[in-house]
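Reminder, nothing fancy here: chain letters follow the sequence lines and each chain counts from 1. What you are looking at is a predicted structure, and each value in this text was computed from that prediction instead of being measured.
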Amino acid sequence: MAEDFILETRHLVKEFKGFVAVNGVDLKVRRGHIHALIGPNGAGKTTVFNLLTKFLAPTRGSIHFNGEDITSAQPAQIARRGIVRSFQISAVFPHLSVLENVRIALQRKLGTSFHFWRPERTLDTLNGRAMELLAQVGLESFADMVAVELPYGRKRALEIATTLALEPELMLLDEPTQGMGHEDVALVRDLIKKVSVNRTVLMVEHNMGVVAGISDTITVLARGAVLAEGAYDEVAVNPLVIEAYMGTEVEELASPAGH
Amino acid sequence: MNRRGVGYGLLLALLLVAPYAVYPVLVMKILCFALFACAFNLLIGYTGLLSFGHAVFLGTAGYVAGHSIKVWGFPPELGLIFAALTAAALGWVIGSLAIRRSGIYFAMITLALAQLMYFVFLQVPFTGGEDGLQGVPRGKLLGFIDLTDDLNLYYFVLAIFVFGFWLINRTIHSPFGQVLKAIRENEARAISLGYDVAKYKLLAFVLSAGLAGLAGATKTLVFRFATLTDAHWHTSGEVVLMTLLGGMGTVFGPVAGAATIVTLQNELADKVGSLVTVIMGAIFVFCVLVFRRGIVGELGALYKKMTGAR
Ligand SMILES: Nc1ncnc2c1ncn2[C@@H]1O[C@H](COP(=O)(O)OP(=O)(O)OP(=O)(O)O)[C@@H](O)[C@H]1O
Ligand SMILES: [Mg+2]
């Protein structure tokens, strides 16, 4: 049965100088699902991501990936094992070209990343694969542009292409549609749906339209603890969840289609 | 790419004829500091690491070259290689300790360790303390080219500079250089893509230290002595100034910066005496306030503006 869950946390706790940001979270992410992690601001969602990817060390508790305890692994190791994250704030390499952004992710597998005596053009063998990845997210015509010049929505698409380059088993996306206009939101939502084939996605997302539209399971986090878990229809009518959100966001939660 | 090729050609042509127009020892001094600044720029400009103790590599290699040539009788080429490798090894030690921290803490650790080495050099007998290590023979290159001749030595020093400059540029434009740029641009993202950034930073640090050492060793050969000045934190500050003034993160910037500062010091030293320090300070402030991109950076921006406006 354990094989059904790609990722499992057991009683995960993170304290910052006495303040408990994550309080005993047991999270189970089913293989092949799009799993959404939602909750009000400051609920501890990003902190959970930082714990999962080892950017922060948990105060207590353990993390298991494919049944193996990865609680004490290093962040770069986690990535090589197949868990690749994106960040809440845009995470492109701003002054590299769009193509180079993706190539950086591909390059590690060549095994020449420490070779300071080799010319850059030895990386050109990766261009074909990089262009394929860019095509997947609709960026092939932007390949030579410097990443910083991309419009915001396209930057998020570039991040996804870069993440995909590593062919991660588990993708962690921290608010992939934050700060986007309607068109971009739809674009990124469809993109996530598309790339989730044959892999697992765990995403933090505030936009209920996106959450309702594509996620298989939703975990609601509030004040560092799991408040509710289940499919969207169950979670949205849960009185605890509605109370935690309060105010305007309740309507958002209740009527995702009207968004 | 083409424009840069023209730049390389012009610079090389200029350097080939320079000793016929200018006092060769002055040009050699410029070349040594230019290589030193280029090595420093590999860290600050292309990796985003501010080492504030880089003089320790210049100074250490100067002493090692001087001692191995003068006392152990090493031929000059072997002395230089041995000194550069020693500096690289020291770079590995200091780098390993410093890269655990970033930003200002990184800079402070490099400064502290460099100061530690400075006091070691002040105390141990082989450096000659305050007097310096005097009377290092230039010797014969490969056993037959007499380096006591300033012109012969000049072309040897130029060859060293070209090698160092080439190696730095190759490093910048290599698979490794790509990873360095990624780390400078967004370290957290580089980690999340599976790169052990500490290892990449350490290799960059070791390369930079080794090349700074090559510059220091060459300088000892030129002046026939090694002194404490080269290991002093003033010199660490000077290399920051040279790189900033020339344009950090640009290929030619450190060369332009080193040439400007060394020439200025040379011209002004007998005229204004200790006022030189004040002038250097003024240049530093000027750079930081209005000349952010440095000589080469500002020229590049101007060129872009002009061609872009067309
Ligand atoms: N490094 C830190 N040191 C101290 N407190 C922190 C740290 N990181 C996060 N916190 C606190 O932990 C709590 C949870 O933060 P977190 O960023 O995980 O929330 P979030 O659910 O991602 O919120 P948002 O929706 O605003 O992104 C917040 O109260 C935050 O102030
Ligand atoms: Mg967050």
Region of A:Phe114 in contact with chain B, defined by heavy-atom distances below 4.5 Å:
both
Neighbour count above 12 (heavy atom, 6.0 Å) for B:Leu142 CG
yes
Does the side chain of B:Leu180 come within less than 4.5 Å of A:Phe116's, by heavy atoms?
no
Contacts satisfying salt bridge (charged side-chain N to carboxylate O under 4.0 Å, His left out) that involve residues 79-93 of chain B (not counting sequence neighbours) are none
Whatever's closer than 4.5 Å to a heavy atom in chain B on A:Leu123 counts as side chain
Whether over 12 other heavy atoms sit under 6.0 Å from B:Leu97 CG
yes
Minimum heavy-atom distance between A:Pro119 and B:Pro175, given as atom pair plus value
O-CD, 3.8 Å
With a 4.5 angstrom heavy-atom cut-off, which part of A:Leu166 approaches chain B: side chain, backbone, both or neither?
side chain
Give every donor-acceptor pair between chain B and chain A closer than 3.5 Å, one pair per line, or write none.
| unit_1 | atom_1 | unit_2 | atom_2 | d |
| --- | --- | --- | --- | --- |
| B:Arg170 | NH1 | A:Trp117 | O | 3.0 |
| B:His173 | O | A:Glu120 | N | 3.0 |
| B:Pro175 | O | A:Gln107 | NE2 | 2.6 |
| B:Gln178 | NE2 | A:Glu100 | OE2 | 3.4 |
| B:Gln178 | NE2 | A:Glu120 | OE2 | 2.8 |
| B:Glu185 | OE1 | A:His95 | N | 2.4 |
| B:Glu185 | OE2 | A:His95 | ND1 | 3.1 |
| B:Asn186 | ND2 | A:Val92 | O | 3.4 |
| B:Arg189 | NE | A:Ala91 | O | 3.3 |
| B:Arg189 | NH1 | A:Arg85 | O | 2.7 |
| B:Arg189 | NH2 | A:Glu159 | O | 3.2 |
| B:Arg189 | NH2 | A:Thr163 | OG1 | 2.9 |
| B:Leu193 | O | A:Arg108 | NE | 3.1 |
| B:Leu193 | O | A:Arg108 | NH2 | 3.3 |
| B:Gly194 | O | A:Arg80 | NH1 | 2.8 |
| B:Tyr195 | OH | A:Ile104 | O | 2.6 |
| B:Tyr195 | OH | A:Arg108 | N | 3.3 |
| B:Asp196 | OD2 | A:Arg80 | NH1 | 3.2 |
| B:Asp196 | OD2 | A:Arg80 | NH2 | 3.3 |

Do you know which of A:Ala105, A:Ala91, A:Pro168 has the most heavy-atom pairs under 4.5 Å to chain B?
A:Ala91
Quick check on B:Leu203 against chain A: is it the side chain, the backbone, both or neither that has a heavy atom closer than 4.5 Å?
side chain
Residue part contacting chain A, namely of B:Ala188, when any heavy atom lies under 4.5 Å:
both
For chain B, which of A:Ile83, A:Val92, A:Ile104, A:Val84 has the most heavy-atom pairs under 4.5 Å?
A:Ile104
